[in-house]
There are 2 protein chains.
Amino acid sequence: MQTKAVEDYLKAIYEVQEREGRVATSALAERLQISAASATGMIKKLAEMGLVSHEPYQGVRLTEPGRKIALEVIRHHRLVETYLVEAMGLTWDKVHDEAEKWEHVLSEELEDRMDEMLGRPTHDPHGAPIPTREGHIPETPRLKLSEAVAGETVTIAQVADDDAAMLRYLGERGLYPGVAVTVTHIEPFEGPLTVRREDRDISLGRPVAECIKVRRPGEA
Amino acid sequence: MQTKAVEDYLKAIYEVQEREGRVATSALAERLQISAASATGMIKKLAEMGLVSHEPYQGVRLTEPGRKIALEVIRHHRLVETYLVEAMGLTWDKVHDEAEKWEHVLSEELEDRMDEMLGRPTHDPHGAPIPTREGHIPETPRLKLSEAVAGETVTIAQVADDDAAMLRYLGERGLYPGVAVTVTHIEPFEGPLTVRREDRDISLGRPVAECIKVRRPGEA
DNA sequence: AGATAGATTTTAGCTAGACTAATTTTTGAT
DNA sequence: ATCAAAAATTAGTCTAGCTAAAATCTATCT
């Protein structure tokens, strides 16, 4: 059986793997807000099911079947987010929590119907790529806004979808995927940075800038 | 906590109560496809939570809070069914299974958005009334098609939503809520009956006729 | 190499929700 | 009124999750 819990774990493992390369038990537990013991227990079961490989004390990796399932759940999540914004008119700060629940109950048929109604979108409202049904997801070069250098102009590609307050904050300032900004100043030592968008300067704290992925001119 | 299981039990209790008046433990177990012992166990918990009252050996009844929750779940179910048909173009035989899953994950906000998009519908695609948010549901006189007498003309009010094959069967013959039919013949002894719709005679087995609720001329 | 901090795993025990088998209560038929 | 059948309950078990606390391993620093 493929329970909600299994799906949540695989999704979380995929996301941690993307972000940090290695997936430590503790990182997974932190991510899922559960104890490390629970994580270890489930990791064992996932390994028995052949969905992850696990070297004790060395962390965990998705197998190909596990990756397939993770990407399917992520596809559901991002399609639902897109649907809620495009077809139902919700604001982008509210759709993550809904999608967390819907992703587990979406049939393949309805998934396809949504996809079709939306015109086979490639990205969700936060700029995250939507995996194909076959489990393909584009590899595109991205850097964090906080890694940009002063003076360069970059285009916002993606923002974190799970912090509603931050999404409202960004929305109020017109910082959406597709918007170009020029980095006018960066404070050293984890300090804030300033970007210019259409003649207005906007100061952003470092943690916010960490949540924004951008692309350089000419990049896909 | 209000789990999926609790919601499913309350909904089932409500539906059995509607159909049969008394809710026997065995009827509930049958309805939910679980053992009678499991039903007894959960009934105890529901009673502790104050959602049902339980006289051992006498069956179970929803309390007012329990009824409120049951009607909320049913409202979700029927709104989702309506949404899937009206807004997403699914056929009426496919929506029950989806709604069984969605009813448990629908937020109040999204419920209201759906309701609004659909123009505050009062009935779902199968003709079942949609409870209001306050837990109100209309009391309307209905009889089973199998209880009609030969010669009378009745209007189809509602059909069972949980048998996909039967819904396709009825759909193919144009038997939807709102359609008027004349009962031309009824076989005794649980036999089939014949209805006439727009100059065509349609023969229906007794079990099918049991699943169709009709209203007499002049009734709401 | 040894010490030790931090990560990981193990152990023990809890809860929800299901099950079977055995028992008790109610009902219905003679 | 009795007694068998049906219905409901109790008792005990199972699995999937979880937590907290204890034990163990790894890696790093001197």
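Lettering of chains follows the sequences in order, A, B, ..., and the numbering in each one begins at 1. What you are looking at is a predicted structure, and each value in this text was computed from that prediction instead of being measured.
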Applying side-chain contact (heavy atoms from CB on, under 4.5 Å) to B:Pro177 and not counting sequence neighbours gives B:Trp92
What residues, two or more places apart in sequence or in another chain, satisfy side-chain contact (heavy atoms from CB on, under 4.5 Å) together with B:Glu108? B:Glu72, B:His76, B:Glu111, B:Arg133
Under the side-chain contact (heavy atoms from CB on, under 4.5 Å) test, residues paired with B:Lys68 that sit two or more places apart: none
Taking only residues two or more places apart in sequence, or in another chain, which ones meet A:Asp162 in a salt bridge (charged side-chain N to carboxylate O under 4.0 Å, His left out)? none
Not counting sequence neighbours, list each pair that qualifies as a side chain to side chain donor-acceptor pair (under 3.5 Å) and has a residue in residues 14-29 of chain A. A:Glu15-A:Arg31
Generate the contact string for nucleotides 5-20 of chain C. Rules: B means base contact, S means sugar-phosphate contact only, - means no protein heavy atom under 4.0 Å. --SBBB------BSBB
What integer distance in Å separates A:Glu7:CD from D:dA16:C1'? 15 Å
Round to the nearest Å and state the distance from B:Leu46 atom CG to D:dT9 atom P. 13 Å
